[in-house]
Participant: 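Here you go, one structure.
Values reported hereafter were calculated over all heavy atoms of this structure, with side chains retained and with hydrogens, waters and symmetry mates removed.
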Amino acid sequence: MRVLHVIPSVSERSGGPAMAIVPMCRALQELGIEVTLATTGYGLTQKGTDCIVDYKGLATRFFPVQLGDSFKYSRPLKDWLNKSVKAFDVVHIHAVFNHASVAAARACRRSGVPYIVRPLGTLDPWSMKQKPLRKRLFWLLSAKTMLQRSAAVHYTAAAEKSATEEYLGLNHGSVIPLGVEVNGSPANQVPGQSYILVLSRLHSKKNLEVLIDAFKSLKQNKWRLIIAGDGQPDYVAVLKQKAGDAENIIFTGWVEGEQKEALLRGASLLALPSRQENFGLCVLEAMAHGVPVLVSPNVNLAAEIEAAEAGWVIDVGQLAQGLALILKEEEERERRGRAAYQFSQRYSWQRTAAELAELYRQILSNRALRNGSATLH
């Protein structure tokens, strides 16, 4: 089976989707699926190329962006898709409101190739109400047809599926969660470390201003709030202004590799009080290290986290009060940290790949049946 994955960017600084695509595709390769990744060089030093290059173990084609940090218009990518998409059995499109996704879906429809769309939470009612006029126009001109004529819509959480389908009238979604690299055992916290960790793209939807205010209101001295991540400079400046001269609020900037691992291993709590989060890969990464999490009800894993007692689900209006109680209860943090680790064991990239492979096979089987029926008639 030959599967093409299309995503606007693989720069990890752009957020969770770009971080997830590589281990997802690697796990599919381990199942014997021939995977090709098509993307732009946005946010990377990669340049457009007419040949396949190896990117972190994946056969990848990079294309230059001509226009738009958000839309990422790439005519070379569109031309290649129109010429080459028919060589693949299935195309898996990651994102909606960008040129790569629109071009891939149109190329598939012209060539009769089935495709799947993973909307990345962008079709959630909250997301659709951000820049509503622009998104409504985009929906009417391109995205509605893209979604309605897809073979399936790939959601990563049941809450994302139910909210999106009810809001937009879609009815052919499949829930296949993301995975995480599962460690052999929960991490032991580094002695002397007492900090709350934010490990995320710094974006206004993460609601970090409220978290900073809640943290600054606490009557304590030993705790630190470490904000690890990068984002638009103007928004990062807003957060730093909000933190003021507080010495126990630390902005590390972008982290990866050993530095990221060390921060996860030493954290006492991971916080993600987002206004909307279709999955929250950093939440799962923290739990895989035995770190309990504090999330808002708007994180789509919140109900499962609460049921497993793997952390706390707290409305942002109660954040300061909730945070004060959490930081006082060391034994409860440890208990929920153990539960968080057990929760993370449900998720692996191998499981994700197996479920995706089954979805691909089902789509191809349904297509073969339809074609056979058409031939008989």
Participant: I need the Ser174 OG to Ile116 CD1 distance, nearest 0.5 Å.
Facilitator: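 So the OG of Ser174 and the CD1 of Ile116 are separated by 8.0 Å.
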Participant: Could you walk me through whether Lys78 and Asn82 pass the side-chain contact (heavy atoms from CB on, under 4.5 Å) check?
Facilitator: CA-CA 6 Å; Lys78 180 190 73 172; Asn82 288 337; 3.9 Å; yes
Participant: How long is the span from the CD1 atom in Ile176 to the CG atom in Leu359, to the nearest 0.5 Å?
Facilitator: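 Output value for this atom pair is 5.0 Å.
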Participant: Backbone N or O of Arg149 within a donor-acceptor pair of the His172 side chain at under 3.5 Å?
Facilitator: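 No: the side chain of His172 does not pair with the backbone of Arg149.
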Participant: Given Glu309, which of Arg336, Arg338, Arg335 fulfils the side-chain hydrogen bond (donor to acceptor under 3.5 Å, both in side chains) condition?
Facilitator: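 For Glu309, the side-chain hydrogen bond (donor to acceptor under 3.5 Å, both in side chains) test succeeds with only one of Arg336, Arg338, Arg335, which is Arg335.
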Participant: With hydrophobic residues grouped by side-chain heavy-atom distances under 4.5 Å, do Trp126 and Leu120 end up in a single group?
Facilitator: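 No, it is not one cluster - the side chains of Trp126 and Leu120 are not joined through contacts under 4.5 Å.
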Participant: side-chain contact (heavy atoms from CB on, under 4.5 Å) between Leu264 and Val291: does it pass, once the steps are laid out?
Facilitator: CA-CA 8 Å; Leu264 282 167; Val291 177; 5.6 Å; no
Participant: Return the minimal non-hydrogen interatomic distance between Ser296 and Ala302, and the atom names on each side.
Facilitator: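 Scanning both residues, the minimum pair turns out to be O-CB, 3.7 Å.
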Participant: Could you tell me if the side chain of Gln342 sits less than 4.5 Å from the side chain of Met287, heavy atoms only?
Facilitator: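 The answer is no; the side chains never approach within 4.5 Å.
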Participant: Could you tell me if the side chain of Leu4 sits less than 4.5 Å from the side chain of Leu81, heavy atoms only?
Facilitator: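 A side-chain contact exists here, since the closest heavy-atom pair is under 4.5 Å.
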Participant: Less than 3.5 Å apart, any donor N or O on the side chain of Arg109 or Tyr115 sitting next to an acceptor on the other?
Facilitator: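 Side-chain D/A pair, Arg109 to Tyr115: present.
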Participant: Main chain of Lys129, side chain of Arg136: is a donor-acceptor contact present, judged purely on distance under 3.5 Å?
Facilitator: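 No, because the side chain of Arg136 does not come within donor-acceptor range (under 3.5 Å) of the backbone of Lys129.
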Participant: Would you please say whether a donor-acceptor pair under 3.5 Å links the side chains of Thr156 and Asn278?
Facilitator: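 Side chains of Thr156 and Asn278: pair found under 3.5 Å.
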Participant: Locate the shortest heavy-atom distance separating Ala262 from Tyr195; write the atom from each residue and the value.
Facilitator: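 Nearest pair, atom of Ala262 first, then Tyr195: O-OH, 3.6 Å.
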Participant: Report the distance from atom CD1 of Ile314 to atom CG of Leu323, rounding to the nearest 0.5 Å.
Facilitator: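 Ile314 CD1 to Leu323 CG: 7.5 Å, rounded to 0.5 Å.
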Participant: Let me see the working for Phe97 and Phe71 under ring pair (Phe, Tyr, Trp, His ring centres under 6.0 Å), right down to the final yes or no.
Facilitator: CA-CA 7 Å; Phe97 295 102; Phe71 190 57; over 10 Å; no
Participant: Would you say Glu332 has more than 12 foreign heavy atoms packed within less than 6.0 Å of its CD?
Facilitator: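 Yes, the 6.0 Å shell around CD holds more than 12 heavy atoms from other groups.
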Participant: Please report the C-alpha distance between Trp80 and Phe63 in whole Å, then the side-chain angles of each, then the deciding distance to 0.1 Å, and finally whether the ring pair (Phe, Tyr, Trp, His ring centres under 6.0 Å) criterion is met.
Facilitator: CA-CA 9 Å; Trp80 180 84; Phe63 298 90; 5.7 Å; yes
Participant: Between OG1 of Thr352 and OH of Tyr347, what distance do you get to the nearest 0.5 Å?
Facilitator: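 Interatomic distance, Thr352 OG1 to Tyr347 OH, rounded to 0.5 Å: 9.5 Å.
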Participant: Please report the shortest heavy-atom distance between Leu284 and Leu178, naming the atom on each side.
Facilitator: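 Leu284 and Leu178 have their closest heavy atoms at CD2-O, 4.2 Å.
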Participant: Counting only heavy atoms not in Gln148, do more than 12 sit closer than 6.0 Å to its CD atom?
Facilitator: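 More than 12 within 6.0 Å, yes.
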Participant: So that I can tick it off, tell me whether Glu34 and Arg2 are bridged by a salt bridge, with the cut-off set at under 4.0 angstrom between side-chain N and carboxylate O.
Facilitator: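 Salt bridge: yes.
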Participant: Heavy-atom distance under 4.5 Å between the side chains of Val117 and Val96, does that happen here?
Facilitator: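 Yes, close enough: below the 4.5 Å cut-off.
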Participant: Quick one: closest heavy-atom pair of Pro273 and Leu208, and the distance?
Facilitator: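 It is CD-CD2, 4.3 Å.
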Participant: Between Glu306 and Trp312 (side chain of the first, backbone of the second, donor and acceptor by atom type, cut-off under 3.5 Å), is there such a pair?
Facilitator: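 Side chain of Glu306 to backbone of Trp312, a donor-acceptor pair under 3.5 Å: no, none is there.
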Participant: Would you name the heavy atoms of Trp349 and Val180 that are closest together and state the gap between them?
Facilitator: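 Shortest heavy-atom contact: NE1-N, 3.7 Å.
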Participant: Does Trp254 reach the side chain of Glu12, with side-chain heavy atoms less than 4.5 Å apart?
Facilitator: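 Yes, at least one pair of side-chain atoms sits under 4.5 Å.
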Participant: Testing the 3.5 Å rule here: is there a donor-acceptor pair between the side chains of Arg275 and Asn207?
Facilitator: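 Indeed, the side chains of Arg275 and Asn207 share at least one donor-acceptor pair under 3.5 Å.
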Participant: In terms of hydrophobic clustering (I, L, V, M, F, W, Y; side-chain heavy atoms under 4.5 Å; direct or indirect links), are Leu37 and Val53 co-clustered?
Facilitator: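 Per the 4.5 Å side-chain linkage, Leu37 and Val53 are co-clustered.
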Participant: Do Val198 and Val238 share a hydrophobic cluster (ILVMFWY, side-chain heavy atoms under 4.5 Å, transitive)?
Facilitator: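 No, because Val198 and Val238 fall into different hydrophobic clusters, even though each may have its own neighbours under 4.5 Å.
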Participant: So do Thr40 and Phe62 actually touch side chain to side chain, heavy atoms under 4.5 Å?
Facilitator: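 When only atoms from C-beta onward are counted, Thr40 and Phe62 do not touch, as no gap falls below 4.5 Å.
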Participant: Would you call the rings of His5 and His94 parallel, tilted or perpendicular, where under 30° means parallel and over 60° means perpendicular?
Facilitator: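 Rings of His5 and His94: parallel, as their planes differ by under 30°.
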Participant: Around atom CD of Gln259, are there more than 12 heavy atoms from other residues, nucleotides or ligands closer than 6.0 Å?
Facilitator: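 Check passes, neighbour count above 12.
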Participant: If you measure from the Lys or Arg side-chain nitrogens to the Asp or Glu carboxylate oxygens, is any gap between Arg346 and Glu304 under 4.0 Å?
Facilitator: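 The answer is no: the pair does not qualify as a salt bridge.
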Participant: Is there a side-chain contact (heavy atoms from CB on, under 4.5 Å) between Ile250 and Leu225? Walk through the geometry before answering.
Facilitator: CA-CA 6 Å; Ile250 302 165; Leu225 173 62; over 6 Å; no
Participant: Taking C-beta and beyond as the side chain, do Leu319 and Phe215 meet within less than 4.5 Å on heavy atoms?
Facilitator: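 Contact flag for Leu319/Phe215 side chains = no.
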Participant: Take Glu285 and Lys260, measure what salt bridge (Lys or Arg N to Asp or Glu O under 4.0 Å) needs, and give me the verdict at the end.
Facilitator: CA-CA 10 Å; Glu285 288 178 322; Lys260 176 181 175 180; 3.1 Å; yes
Participant: Could you tell me how the ring of His99 sits relative to the ring of Tyr73: parallel (under 30°), tilted (30 to 60°) or perpendicular (over 60°)?
Facilitator: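 Geometry flag for Tyr73 against His99: tilted rings.
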Participant: Once you round to the nearest 0.5 Å, how far does CG of Leu28 lie from CD of Glu30?
Facilitator: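 Leu28 atom CG to Glu30 atom CD measures 9.0 Å (nearest 0.5 Å).
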Participant: Would you say Lys216's side chain and Lys242's backbone share a donor-acceptor pair under 3.5 angstrom?
Facilitator: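 Side chain of Lys216 to backbone of Lys242: a pair is present.
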Participant: Is the shortest distance from a Lys or Arg side-chain nitrogen in Glu355 or Arg351 to a carboxylate oxygen in the other one below 4.0 Å?
Facilitator: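 Looking at Arg351 together with Glu355, the answer is yes, because their closest N to O distance falls below 4.0 Å.
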Participant: Would you call Asp230 and Arg201 a salt bridge, taking side-chain N to carboxylate O under 4.0 Å as the test?
Facilitator: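 No.
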Participant: Of all heavy-atom pairs between Leu218 and Ala320, which one has the smallest distance, and what is that distance?
Facilitator: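 Closest approach of Leu218 to Ala320: CD2-O, 3.7 Å.
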Participant: Looking at Glu165 and Lys161, does any basic side-chain N land under 4.0 Å from a carboxylate oxygen?
Facilitator: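 Here Glu165 pairs with Lys161 in a salt bridge, since their nearest N and O are under 4.0 Å apart.
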Participant: Considering only NZ, NE, NH1 and NH2 on the basic side and carboxylate oxygens on the acidic side, decide whether Arg333 and Glu329 come within less than 4.0 Å.
Facilitator: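 No, this pair does not count.
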Participant: Check this for me: Arg134, atom CZ, are more than 12 non-hydrogen atoms of other residues, nucleotides or ligands nearer than 6.0 Å?
Facilitator: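 No, the 6.0 Å shell around CZ holds no more than 12 heavy atoms from other groups.
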Participant: When you group the ILVMFWY residues by side-chain heavy-atom contacts below 4.5 Å and let the links chain together, are Leu133 and Leu141 in the same group?
Facilitator: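 No: no chain of side-chain contacts under 4.5 Å links Leu141 to Leu133.
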Participant: Between Tyr341 and His289, is there a side-chain heavy-atom distance shorter than 4.5 Å?
Facilitator: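 Of all side-chain heavy-atom pairs linking Tyr341 with His289, none is under 4.5 Å.
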Participant: Report yes if the side chains of Leu137 and Trp139 come closer than 4.5 Å at any heavy-atom pair, otherwise no.
Facilitator: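 Result no, sub-4.5 Å side-chain heavy-atom pair not found.
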Participant: Do any N or O atoms from the side chain of Glu160 and from the backbone of Gly121 form a donor-acceptor pair under 3.5 angstrom?
Facilitator: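 Here the side-chain-to-backbone pair exists.
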Participant: May I ask you to decide if Tyr42's main-chain N or O and Ser9's side chain share a donor-acceptor pair within less than 3.5 Å?
Facilitator: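 Pair found, side chain donor or acceptor close to backbone of Tyr42.
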Participant: Let me confirm one number: the OG-CH2 distance from Ser268 to Trp223, rounded to the nearest 0.5 Å.
Facilitator: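 Reported to 0.5 Å precision, the distance equals 4.0 Å.
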Participant: Give the intermediate values and the outcome of side-chain contact (heavy atoms from CB on, under 4.5 Å) for residues Gln362 and Ser365.
Facilitator: CA-CA 5 Å; Gln362 180 182 338; Ser365 176; 5.6 Å; no
